[in-house]
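Numbers here simply count residues along the sequence, with the first being 1. Just so you know, these numbers come straight off a predicted model, no measurement behind them.
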Amino acid sequence: MKMQVKRVVALSAWLAPAFAAPTTISASSNAGKSSVDAYPPSGTAANPSLFPPESVVGFPGPTPTGAEPAAIQTAASYPYNDGDANRFPLIETPPHGEPLESDFDISKYWGNLSPWYSLRSEDYGLPDASPLAPEGCDVTQLHLLYRHGARYPTSGAAPSTFAQKVVNATKTGLSVSGELSFLADWTYKLGAELLTPFGRSQNFLLGVNYRQLYGHLLNNFTEAGTIPVFRTQSQDRMVKTAENFAAGFFGVPEYLTEVNIEILVETPFVNNSGAPYEVCPNSNITTKGSIGSAVAAKFALNAFNSTIARLQSQVSGINFTATDAIAMLQLCSYETHALGYSAFCPLFSQQDFINYEYYYDLSFYYNNGPGSPVAAAQGKGFLDEFLARFTGEYPGANSALNETFDNSSTYFPLNQSIYADATHEVVVLDTLTAFNFTALFDGEPLSAAGNEQRNSFVASKLVPFATHFTAQVLNCPAYEKTKQIRFIVNDAVIPISKSHGCPEDPNGLCAFDDVVSVLQKRSAEIDYNYDCFANYTASPGVDYNGRAPKS
């Protein structure tokens with residue numbers, strides 16, 4: 001009985017703080033300032049003369065190779081990227097007001113800042129389709145377009161602006177309490193642009209996954225006595241993306257000698273299919289290629305009012321706005337990716353995260369999807385490069401692709417069985433729009449007033465970190481036209497019967513020559529010069545199919 005009394009007293013003492021007035025804390029003078037760690041130390045480097053590599057040390061033991069994996073042909077089920085494993089070692093918290101065991105996954109509501117996860121073909125109208133080769137078909141060629149993994153924010157983005165706002169507030173007096181107590185000594189620990197450790201792992205594991213699925217296609221290179229060319233852009237995170245993918249696909253250090261990684265310069269006024277916005281002036285004009293940014297900002301103005309009011313009651317010396325709400329939500333995303341955990345995440349409710357996702361849905365649908373007048377023009381470069389590889393003919397200079405490199409068998413081989421191009425999420429979405437995959441954008445144009453759930457488009461599904469678009473070319477003897485093709489986005493087979501004039505097929509297959517013909521017509525109708533250079537005005541609320549209006 002005495003033990004019970006002690007337990008009640010102890011429990012009362014534990015609960016007491018929950019009912020006490022929150023303690024107000026004055027922020028330190030360092031709150032909001034950047035915090036940077038530098039590794040490796042200046043002037044240091046590995047010393048192979050003292051620590052020689054395997055090739056020098058010798059004694060490697062037995063090294064016989066086995067057969068290449070071909071899980072895309074042989075596996076009984078597909079290895080979907082689901083559950084906690086796809087986010088290891090990130091630590092996520094439930095939304096504000098929900099228990100720790102909540103099954104609401106906040107990371108699936110971060111738009112282009114979400115970690116990629118497997119979609120299902122049934123979500124797009126193909127309930128029986130799997131990425132595995134259909135029975136009786138053999139995958140003979142793979143075309144992969146993929147995004148870099150998780151990164152720090154781009155230079156000057158909202159998170160660093162918010163940090164500076166905190167710094168400015170400390171100069172006149174900033175105090176916090178309750179949920180915001182952590183801000184008193186919070187410092188800005190994010191860099192800019194570079195891949196995070198988790199981001200590196202995403203691209204590495206994507207390489208492992210594709211070697212496991214499509215390794216048998218390397219035999220074609222062995223027979224030809226060649227090695228593949230994989231491509232990327234010159235930004236540091238893009239180079240590291242291609243290297244991490246290649247390291248996962250070929251191994252370390254084997255990737256250094258078993259694949260050629262072509263780095264195309266990404267800078268203004270230089271053609272590059274992986275960075276078409278550098279040569280498409282209309283892409284960054286508010287009334288043309290960036291109408292999504294404006295409509296998303298307008299939506300955000302009143303989307304977080306209740307949460308802003310709650311947080312405002314716990315701070316003195318700073319006034320929170322809708323822009324700050326987006327910045328703090330982005331800090332939740334970026335800090336989780338970069339640091340493993342973020343104290344900003346529990347500040348926001350489930351509805352806040354739903355609105356955060358829709359903020360990105362609006363931005364990407366109207367900046368790089370069918371609601372954009374320049375999306376198809378920007379995606380035309382990759383569309384034409386895919387067509388060149390399909391047909392064995394070099395592409396024409398009618399887009400942002402770099403003709404100097406695309407006219408060379410050295411830099412743009414036309415006979416590979418495996419292609420892998422790294423790029424940015426906006427370009428992946430531009431490309432999907434250029435390909436006219438209407439099933440990904442099925443429904444009415446997104447409403448600026450709020451999510452009416454009348455369109456299949458969700459940014460976190462199509463443009464997350466490490467998103468990837470795959471084209472499989474197959475040999476199917478049972479079909480009248482044995483050479484078939486189909487398209488897969490993040491493990492979901494995309495139906496093309498309506499958009500590309502194909503007969504309905506439960507596996508999403510269509511005759512290769514028929515699809516190529518439709519895509520050639522699609523490419524021809526995309527007026528790159530007009531869409532990227534002409535004087536016109538576009539508005540949200542319209543499905544332009546990625547093309548600029550001409551009336």
Side-chain angles (χ1 to χ4, degrees), residues 32 87 90-98 102 104-115 117 150-154 156-166 176 178-180 182-183 186-190 192 196 198-199 292-315 318-365 367 425 446 450-451 458-461 463-465:
R87 295 187 303 276
L90 307 185
I91 300 167
E92 298 174 12
T93 55
H96 175 80
E98 297 197 22
S102 170
F104 184 85
D105 184 352
I106 62 173
S107 74
K108 291 185 177 180
Y109 296 85
W110 292 352
N112 67 319
L113 306 183
S114 292
Y117 58 94
R151 55 160 171 79
Y152 288 128
T154 51
S160 61
T161 302
F162 175 81
Q164 186 59 50
K165 186 171 183 175
V166 173
V176 291
E179 299 168 283
L180 291 178
F182 74 92
L183 268 184
W186 170 79
T187 58
Y188 185 71
K189 300 178 178 65
L190 303 175
T196 68
F198 175 69
S293 301
V295 72
K298 185 177 180 180
F299 164 75
L301 282 177
N302 295 305
F304 307 99
N305 287 345
S306 61
T307 294
I308 291 173
R310 170 169 51 83
L311 297 179
Q312 191 65 61
S313 69
Q314 302 173 62
V315 64
I318 193 170
N319 291 317
F320 290 139
T321 66
T323 300
D324 296 324
I326 291 294
M328 288 188 281
L329 281 159
Q330 289 183 348
L331 280 162
C332 160
S333 307
Y334 281 119
E335 286 191 340
T336 302
H337 281 301
L339 308 175
Y341 169 78
S342 176
F344 285 95
C345 296
L347 301 178
F348 295 93
S349 68
Q350 182 178 133
Q351 186 59 50
D352 288 332
F353 283 106
I354 292 172
N355 288 341
Y356 182 46
E357 171 63 50
Y358 194 63
Y359 168 87
Y360 285 118
D361 294 349
L362 287 169
S363 178
F364 282 94
Y365 182 89
N367 279 356
E425 80 276 32
L446 299 188
N451 192 354
V458 178
S460 60
K461 292 183 177 183
V463 291
F465 285 129

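- Listed here is the closest heavy atom pair of Phe299 and Gly450: CE1-CA, 3.9 Å.
- Two rings, from Tyr109 and Phe104, have their centers less than 6.0 Å apart.
- By the side-chain hydrogen bond (donor to acceptor under 3.5 Å, both in side chains) test, Asp105 pairs with Arg87, Ser107, sequence neighbours left out.
- Scored by the side-chain hydrogen bond (donor to acceptor under 3.5 Å, both in side chains) test, Ser293 finds Asn367 as partners (sequence neighbours excluded).
- The ring pair (Phe, Tyr, Trp, His ring centres under 6.0 Å) search around Tyr360 returns Tyr356, not counting sequence neighbours.
- Checked by atom type and distance alone, the side chain of Asp361 pairs as donor or acceptor with a backbone atom of Ala459 at under 3.5 Å.
- At distances below 3.5 Å, not a single donor-acceptor pair connects side-chain atoms of Thr154 with backbone N or O atoms of Ala157.
- Ser102 contributes atom OG, which lies 6.5 Å from atom CD of Gln350 (distance to the nearest 0.5 angstrom).
- Pairing each heavy atom of Pro464 with each of Ser114, the nearest pair is CB-O, 3.1 Å.
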For the pair Val315 and Leu183, evaluate side chain to side chain contact (heavy atoms under 4.5 Å, CB included) and give the outcome as yes or no after the intermediate values. CA-CA 10 Å; Val315 64; Leu183 268 184; 5.7 Å; no
Exercise. I would like to know whether Thr307 and His96 meet side chain to side chain contact (heavy atoms under 4.5 Å, CB included); could you show each step before the answer?
Key: CA-CA 10 Å; Thr307 294; His96 175 80; over 6 Å; no
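- Taking Thr323 as the reference, nothing meets the side-chain hydrogen bond (donor to acceptor under 3.5 Å, both in side chains) condition, with sequence neighbours excluded.
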Derivation of the side chain to side chain contact (heavy atoms under 4.5 Å, CB included) call for Leu329 and Phe353
CA-CA 8 Å; Leu329 281 159; Phe353 283 106; 3.8 Å; yes
Audit row: Leu446, Tyr358, side chain to side chain contact (heavy atoms under 4.5 Å, CB included) steps and yes/no: CA-CA 9 Å; Leu446 299 188; Tyr358 194 63; 3.6 Å; yes
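- Considering CG of Asn451 and CG of Leu362, their distance stands at 8.0 Å, rounded to 0.5 Å.
- Residues Val176 and Trp186 form no side-chain contact, since every pair of their non-hydrogen atoms from C-beta on lies 4.5 Å or further apart.
- Every residue meeting the ring pair (Phe, Tyr, Trp, His ring centres under 6.0 Å) condition with Phe465, not counting sequence neighbours, appears here in chain and number order: His337.
- Cys332 contributes atom SG, which lies 4.5 Å from atom CD1 of Ile106 (distance to the nearest 0.5 angstrom).
- Qualifying side-chain contact (heavy atoms from CB on, under 4.5 Å) partners for Ala192, counting only residues two or more places apart in sequence or in other chains: Ser155.
- Taken from CD in Gln330 to CH2 in Trp110, the straight-line distance is 12.0 Å, to the nearest 0.5 Å.
- Applying the salt bridge (Lys or Arg N to Asp or Glu O under 4.0 Å) test to residues at least two apart or on different chains, the pairs with a partner in residues 321-346 are Lys165-Asp324.
- Tyr188 approaches Gly32 most closely through the heavy-atom pair CB-O, 3.8 Å.
- Applying the side-chain hydrogen bond (donor to acceptor under 3.5 Å, both in side chains) test to Gln164 and every residue at least two apart in sequence or in another chain returns Asn168.
- For Ile326 against Ala300, the heavy-atom pair with the smallest separation is CG1-CB, 4.2 Å.
- Contact record, Ala327 with Phe162: CB-CB, 3.8 Å, taken as the closest heavy-atom pair.
- Side-chain atoms of Gln312 come within 3.5 Å of backbone atoms of Ile318 as a donor-acceptor pair (strictly under, hydrogens ignored).
- Residue pairs satisfying the salt bridge (Lys or Arg N to Asp or Glu O under 4.0 Å) criterion with at least one member in residues 296-311, sequence neighbours excluded, are listed as follows: Glu179-Arg310.
- Nearest approach of Thr336 to Leu90, heavy atoms of both residues: O-CD2, 3.2 Å.
- With hydrogens and angles ignored, the 3.5 Å screen pairs a side-chain donor or acceptor of Ser460 with a backbone N or O of Lys108.
- A search for ring pair (Phe, Tyr, Trp, His ring centres under 6.0 Å) contacts involving Phe364 returns nothing, not counting sequence neighbours.
- Sorted by first and then second residue, the salt bridge (Lys or Arg N to Asp or Glu O under 4.0 Å) pairs involving residues 346-359 (not counting sequence neighbours) form an empty list.
- In this view, Tyr359 satisfies the ring pair (Phe, Tyr, Trp, His ring centres under 6.0 Å) rule with no residue, not counting sequence neighbours.
- Taking CG of Leu347 as the reference point, atom CD1 of Ile308 lies at 12.0 Å (rounded to 0.5 Å).
- Remark: the backbone N or O of Ala303 is paired with a side-chain donor or acceptor of Asn355 at under 3.5 angstrom.
- Taking CD of Glu92 as the reference point, atom OH of Tyr341 lies at 11.5 Å (rounded to 0.5 Å).
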